[in-house]
Asks: 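Just dropping this structure here.
A, B, ... follow the sequence lines: proteins, then strands. Residue 1 opens every chain.
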Amino acid sequence: MKLSEQFYLGNDVVAISKSLLGKYLFTCIDSVITGGYIVETEAYNGAIDRAAHSYGNRLTPRTKTMFMQGGIAYVYLCYGIHEMFNIVTSVEGHAQAILIRAVHPTEGIEAMQVRRNMPVLKSNITTGPGSVAKALGISRNINAISLQSDTLWLEDRGLSFNDDQITTGPRIGVDYAGEDASLPYRFYVKGDIYVSKPNK
DNA sequence: CATGCGATTCTCT
DNA sequence: GAGAATCGCATGG
């Protein structure tokens, strides 16, 4: 059921980002399984993408995870508060990653509500990259973990979306990236209530 | 070693 | 719709 390692090794991170929509993402943290299917992603394209941490092949203790072989997690802290979960793709030396911005939860919703401190379920429980990581219990101590592990993995359960149901647009929060900020590297399922806005 | 800032979210207005 | 919270990381001296 898990997506094979081969799935993550392709060199076209933009195409992989789009094909991740509808794939299921699960974590098993503290013996609790939580997850759902992915409804929003963004591609970060290695050395030539000014919006990516790896722009210009910048290799630092933080970014080295992006340079590893695809099929692992890249987790980092942003604004001193929020953990962000990415999926590394391509082969070793090609620093490509996909930011998971929203998940449509199906499993372990009660556990997510506890982690998010949200006694009354709202649709923004897994909307936005920081929220996804928090709801799924993802933190930096699982940075670089394999997606073939029993802690964090993806599954194909036969759900897919056609082009009419998918919207493509520029990425969020990357205005500093100059012309690269307008690249159509964001993909989401049109109208899904768990997608961060705008979602039409 | 000092400094500046970010692939954001929440709360209140 | 605006402002605060908050700290690791990258950069330069």
Asks: Taking the six-membered ring of A:Y24, is NZ or CZ of A:R157 closer than 6.0 Å to its centre and within 45° of its axis?
Replies: yes
Asks: CG of A:L59 versus P of C:dT11: gap in Å, rounded?
Replies: 11 Å
Asks: If I take atom CD in residue A:E83 and atom C1' in nucleotide C:dA5, what distance separates them, rounded to the nearest angstrom?
Replies: 15 Å
Asks: From CE of A:M118 over to P of B:dT9, roughly how many Å is that when rounded to an integer?
Replies: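 So the two atoms are 12 Å apart, to the nearest Å.
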Asks: Is it true that the side chains of A:H104 and A:Y37 contain a donor and an acceptor less than 3.5 Å apart?
Replies: yes
Asks: Would a distance-only check, ignoring hydrogens and angles, find a side-chain to backbone donor-acceptor pair under 3.5 Å from A:D163 to A:I166?
Replies: no
Asks: Just how far, in rounded Å, is P of B:dA7 from OH of A:Y176?
Replies: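 Answer to the nearest Å: 3 Å.
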Asks: Take the angle between the ring planes of A:F26 and A:W153 and call it parallel below 30°, perpendicular above 60°, tilted in between.
Replies: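 A:F26 vs A:W153 ring planes: tilted.
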Asks: Taking atom types as modelled and ignoring hydrogens, do the side chains of A:T63 and A:T60 form a donor-acceptor contact shorter than 3.5 angstrom?
Replies: yes
Asks: Working note: A:Y44 + A:E42, criterion side chain to side chain donor-acceptor pair (under 3.5 Å); need CA distance, chi angles, decisive distance, verdict.
Replies: CA-CA 7 Å; A:Y44 287 85; A:E42 282 181 6; 2.7 Å; yes
Asks: Tell me whether A:Y44 is stacked on the nucleobase of B:dA7, counting only the six-membered base ring and applying the 5.5 Å and 30° thresholds.
Replies: yes
Asks: Within this structure, what is the CD-to-C1' distance between A:E42 and B:dT8, rounded to whole angstrom?
Replies: 12 Å
Asks: Does the ring center of A:H94 lie less than 6.0 Å from the ring center of A:F67?
Replies: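 No, ring centres 6.0 Å or more apart.
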Asks: Side-chain contact test, heavy atoms from C-beta onward, threshold under 4.5 Å: evaluate it for A:S131 versus A:T126 and give yes or no.
Replies: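 Answer no - side chains too far apart.
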Asks: Of all of residues 96-117 of chain A, which get a heavy atom below 4.0 angstrom from DNA chain C, listed by number?
Replies: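 Going residue by residue through residues 96-117 of chain A, none turns out to have a heavy atom under 4.0 Å of DNA chain C.
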Asks: Quick test: give all pairs of protein nitrogen or oxygen and nucleotides 7-10 of chain C nitrogen or oxygen below 3.5 Å, distance rounded to 0.1 Å.
Replies:
{"from": "C:dA10", "atom 1": "OP1", "to": "A:T60", "atom 2": "OG1", "distance (Å)": "2.3"}
{"from": "C:dA10", "atom 1": "OP1", "to": "A:R62", "atom 2": "NE", "distance (Å)": "3.3"}
{"from": "C:dA10", "atom 1": "OP2", "to": "A:T60", "atom 2": "OG1", "distance (Å)": "3.3"}

Asks: I want to check something: taking the side chain as every heavy atom from C-beta on, are A:M84 and A:V75 in contact at a cut-off of under 4.5 Å?
Replies: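 No, too far: nothing below the 4.5 Å cut-off.
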Asks: Decide whether A:T34 and A:R115 meet the rule of one side-chain donor and one side-chain acceptor closer than 3.5 Å.
Replies: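 Yes, a side-chain donor-acceptor pair sits under 3.5 Å.
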Asks: Classify A:N124 by what it touches in the nucleic acid, base, sugar-phosphate, or nothing, heavy-atom distance under 4.0 Å.
Replies: nothing
Asks: If pairs are Watson-Crick or G-U with both distances under 3.5 Å, what is the dot-bracket string of DNA chain B, marking crossing pairs with [ ] and pairs to another strand with |?
Replies: ||||||.|||||.
Asks: Checking side-chain contact (heavy atoms from CB on, under 4.5 Å) against A:Y194, which of A:I38, A:I125, A:V189 comes through?
Replies: A:I125
